[in-house]
Structures are given as C-alpha cells and as structure tokens.
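Here the structure comes first, spelled out in structure tokens, and everything after it is commentary.
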Amino acid sequence: MAVLGICSLKGGVGKTSVTLGLASAAIFSHLRTLVVDLDPQGDTTLSLGVMGGAANSVAQVLDNPSQFVLRSAIAQSPWNPQLLHVLVGSQESARHDGPSYTHRLSRLATALAHVKDDYDLILIDCPPSLGGLTRQGLTACDSALVVTELGLFSVSAAARAFQAIDDIRTTSAPQLSPMGVLVNRVRARSSEQAFRHEELLSMFGPLILTTFIPERSALQQAQGAGSPVHAWPSRAARDLANRFDRVLYRALRSMKAPIPPSLQESAGGSDDSSQESLAEAFTTALTVDPQAVAQTEVPEHQETV
Ligand SMILES: Nc1ncnc2c1ncn2[C@@H]1O[C@H](COP(=O)(O)OP(=O)(O)O)[C@@H](O)[C@H]1O
Ligand SMILES: [Mg+2]
C-alpha cells in the first residue's frame with residue numbers, strides 16, 4: 001500500500017482536482033484505491049458521488065481510529081464501486097484542525113493500517129492550511145505532492161509547504177518524502193506565468209515535475225458531470241488523462257510501489273522528461289515582447305492542447 005498526500009498551503013490551487021485526476025488514473029490502471037477527504041469542505045467526497053454514503057466520516061475516525069469506525073466511514077464511489085472507495089469528509093473534521101491535536105498526529109496512520117491489505121494506493125486530499133488535519137494527513141503518507149499555480153505567491157507557498165513536509169518528517173513521519181511540485185492551471189502563452197515559472201524553477205529545480213496540468217474547461221466539465229476525466233469524451237480530456245497517468249506513474253515510482261503494465265504503457269514507460277516540458281511550453285512566451293503576448297493571450301477556456 002502506497003500513501004500519497006496532495007497538499008498546498010493555499011486554497012483553490014487544484015488539490016482536489018489533482019486528487020480526482022489521480023484517482024481516475026488509478027482506477028483506469030486497475031489499482032484498488034482509497035481516497036481520504038481530509039478537507040472539511042468535503043469537495044472530494046461530493047465530486048466522487050458519496051456525500052451521505054457512510055454512517056461515519058473521517059471526523060469520527062480521528063476520534064477513534066479503530067477498524068470498526070474506519071470501515072463505517074468508507075463508501076464506494078460510483079466511479080467504480082469495486083476499485084474506488086472514499087473515506088468520507090465532513091465539516092465535523094474541522095474540530096481536529098487545531099494545534100492542540102498535535103499530540104495525536106498518528107491517528108489517521110493508525111486507522112489506515114487496518115486496511116493496508118485492501119488497497120494498492122491511498123490518496124489523501126489535504127486542507128489548505130498547516131493545521132492538525134494536514135499534519136495528520138502527512139504523518140500517514142509515504143510521499144507528498146505539492147500543488148501550485150503560477151501566481152505571485154506560488155514560490156513562497158511552495159517553500160512553506162516543503163518546510164512543513166520537512167518538519168513533519170523530522171517530528172512524526174520518518175518515512176515521508178517530498179515527491180515534488182505539480183504545476184496546475186498552466187496557460188502556456190501567459191508571459192506572467194512564464195516569469196513565475198522561471199522563479200519557481202530557480203528555487204526548486206528538479207523538484208518541479210516536468211509534467212504539468214494545463215488549464216482546461218474539460219476538467220471542470222468532467223468534474224461537474226461527476227465523471228472521471230479518463231471517461232470524458234474530448235481530446236482535451238484525453239490529454240489531461242495522459243498527464244495524470246504520468247504523474248501517477250512518477251508517484252508510484254517515487255514510493256517504490258508496483259506499477260501496473262497498463263500504466264507503464266500509457267505513461268510512456270519512462271520518466272516524465274519525454275513529454276513537452278513546462279520550460280518548452282513557455283519558450284514562446286519568454287522570447288516575445290510581453291505586450292504582444294498580452295494581446296494574443298488565449299481565452300481562458302479555449303480548448304488547445
Ligand atoms: N487545470 C484546471 N483547469 C481548469 N480548471 C481547474 C483546473 N484546476 C482546478 N480547476 C478549477 O479550479 C477550482 C479550484 O480547484 P480545486 O481543485 O477545488 O482546488 P483546491 O482543492 O486546491 O481548493 C475548481 O472549480 C476546479 O474545477
Ligand atoms: Mg479542495
């Protein structure tokens with residue numbers, strides 16, 4: 001069982017979207033997958049179609065991490081009831097977010113150990129802060145993926161996330177390692193984003209995943225329809241699905257987990273360096289006059305791959 005945390009200390013950057021994309025990649029690779037919705041907002045639970053689908057939620061699991069309570073808080077997702085289960089989120093989990101709970105940091109890890117033979121992969125969608133919930137989540141993880149957008153504060157937010165991962169590794173989770181930074185909502189023709197990308201790259205170098213997630217309305221359409229992106233019928237969705245395959249491939253490899261042959265095939269069977277890199281995507285933006293770029297900016301939701 002490999003446990004991957006999806007985190008950032010900022011809201012709205014795409015943690016839930018990335019969690020859903022990776023869950024989609026996982027079930028299309030036939031991996032038995034559990035998604036843990038640690039965010040009290042419950043977006044992941046809603047998106048995976050399991051709102052109200054279990055007697056308990058992650059809040060009760062953090063009160064009492066017994067096998068019985070854990071199993072009563074897990075629901076089957078209609079995306080694939082056999083392969084995809086959800087440890088459902090709820091607003092109640094917010095009471096576990098305070099700093100006073102830091103002495104109970106390993107409760108989620110304790111609970112998840114009860115089902116370690118039931119799943120190949122566990123994805124933990126963390127809340128956008130460094131409170132008790134994110135600490136609980138990261139303590140249970142083998143690896144943590146930091147999600148960011150290319151904005152004004154992305155470097156400082158990513159730096160804080162890495163610092164947090166390092167703190168948690170030294171205090172409560174020696175197995176935890178940072179997987180890297182996944183850049184989301186990329187608009188390759190934005191000169192502002194190109195500049196922010198340079199900044200991020202100079203700070204984090206190889207920790208920035210080569211595979212990035214572009215801004216695509218297909219992602220929102222699939223989410224709105226309650227569909228895995230791998231089942232959404234459009235060219236943009238196929239491109240997104242392939243990108244999530246690559247990120248999942250790299251995640252499994254970084255956790256030394258078995259990689260299903262179908263994923264090896266769809267992810268290119270190598271590391272993600274074979275795909276167009278972020279730097280390449282931005283080359284044009286960096287070499288032309290920013291004002292000219294501003295005028296030719298692609299409308300936000302135009303489907304270009
Ligand atoms: N790559 C993307 N392309 C288009 N829309 C996106 C993309 N990533 C995220 N979004 C949208 O942005 C909003 C916030 O994303 P979400 O995944 O909920 O962020 P978080 O979980 O970090 O708060 C959602 O409406 C989501 O559909
Ligand atoms: Mg979210």
Side-chain angles (χ1 to χ4, degrees), residues 4-25 35-51 57-58 86-91 93-94 97 123-131 133-134 137-138 144-151 153-154 157-158 160-161 164 181-190 193 196-197 209 211-230 232 234-247 275-276 278 281 297-305:
L4 177 70
I6 293 95
C7 64
S8 90
L9 303 184
K10 282 183 81 177
V13 297
K15 290 175 295 301
T16 296
S17 300
V18 168
T19 305
L20 296 173
L22 291 176
S24 175
V35 173
V36 178
D37 187 1
L38 263 193
D39 191 334
Q41 302 211 40
D43 293 346
T44 311
T45 301
L46 185 68
S47 302
L48 291 172
V50 293
M51 212 51 155
S57 76
V58 72
V86 185
L87 173 47
V88 305
S90 82
Q91 286 178 359
S93 65
D97 209 24
L123 299 169
I124 303 183
D125 186 11
C126 294
S129 63
L130 190 56
L133 286 170
T134 296
L138 291 178
L145 177 62
V146 175
V147 180
T148 189
E149 290 182 342
L150 293 171
F153 303 115
S154 48
R160 280 186 291 121
V181 181
L182 176 60
V183 181
N184 183 35
R185 296 195 90 144
V186 170
R187 282 175 281 124
R189 288 178 218 179
S190 156
Q193 284 205 349
R196 296 297 165 202
H197 172 243
L209 270 62
T211 298
F212 60 91
I213 308 299
E215 176 154 284
R216 292 284 181 267
S217 51
L219 196 66
Q220 294 174 354
Q221 288 161 359
Q223 284 170 7
S227 163
V229 69
H230 286 64
W232 193 249
S234 81
R235 197 164 65 101
R238 276 197 299 283
D239 172 66
L240 287 165
N242 182 257
R243 289 169 188 272
F244 285 117
D245 285 349
R246 285 170 186 272
V247 177
Q275 198 177 34
E276 176 200 39
L278 253 180
E297 197 100 352
V298 185
E300 268 199 8
H301 298 303
Q302 188 172 322
E303 295 294 357
T304 50
V305 176

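For reference, positions follow the sequence shown, starting with 1. Each ligand, and each atom within it, is numbered from 1 in the order the structure gives. Just so it is clear, the model here is predicted, and its values are computed rather than measured.
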Contact region, Thr16 to ligand 1, non-hydrogen atoms below 4.0 Å, reads both
For Pro214, the ligand 1 atoms whose distance to one of its heavy atoms is below 4.0 Å: 1 (N), 2 (C), 3 (N)
So, does Ser24 use its side chain to make a donor-acceptor pair with the main chain of Leu20 at under 3.5 Å? no
Which value, rounded to the nearest 0.5 Å, describes the distance between Glu215 atom CD and Gln193 atom CD? 7.5 Å
Out of curiosity, Ser190 OG to His197 NE2, how far, rounded to the nearest 0.5 Å? 12.5 Å
Would you please test Arg243 and Asp239 for salt bridge (Lys or Arg N to Asp or Glu O under 4.0 Å) and show each step? CA-CA 6 Å; Arg243 289 169 188 272; Asp239 172 66; 2.9 Å; yes
Taking atom types as modelled, is there a side-chain donor on Asn242 or Arg238 under 3.5 Å from an acceptor on the other? no
Contact atoms of ligand 1, heavy-atom distance to Leu219 under 4.0 Å: 1 (N), 2 (C), 7 (C), 8 (N)
Give the atom numbers and elements of ligand 1 that come within less than 4.0 Å of a heavy atom of Ile213. 1 (N)
Decide whether the shortest distance between a heavy atom of Ser8 and an atom of ligand 1 is less than 4.0 Å. no
Which is closest to atom 13 (C) of ligand 1 in terms of heavy atoms, Gln221, Lys10, Arg185, Gln41? Arg185
Out of curiosity, Ser234 OG to Gln221 CD, how far, rounded to the nearest 0.5 Å? 6.5 Å
One should read off an interatomic distance between Leu138 CG and Cys7 SG, to the nearest 0.5 angstrom, of 5.0 Å
Verify whether one side chain among Asp125 and Thr16 offers a donor that lies under 3.5 Å from an acceptor in the other. yes
Are any of the N/O atoms in Ser17 less than 3.5 Å from those in ligand 1? yes
Under 2.8 Å from the Mg ion (ligand 2), which protein N, O or S atoms do you find? Ignore water molecules. Thr16 OG1
N/O separation below 3.5 Å, Gln223 to ligand 1: yes
Under the side-chain contact (heavy atoms from CB on, under 4.5 Å) rule, collect the residues that match up with Ser8, sequence neighbours excluded. Lys10, Val13, Lys15
What I want to know is whether Asp43 and ligand 1 share at least one N or O pair that is separated by under 3.5 angstrom. no
N/O to N/O below 3.5 Å, does that happen between Gly11 and ligand 1? no
Tightest non-hydrogen contact, residues Phe244 and Leu22, listed as O-CD2, 3.7 Å
Would one find an N or O of Gly12, backbone or side chain, under 3.5 Å from an N or O of ligand 1? yes
Cut-off 3.5 Å, side chains only: do Gln223 and Ser17 have a donor facing an acceptor? yes
Nearest 0.5 Å, please: how far is CG in Leu87 from OG1 in Thr45? 8.0 Å
If I apply the N/O under 3.5 Å rule, does Lys15 come out as touching ligand 1? yes
Given that the side chain starts at C-beta and the backbone is N, CA, C, O, which of these parts of Asn184 lies under 4.0 Å from ligand 1, counting heavy atoms, or is it both or neither? side chain
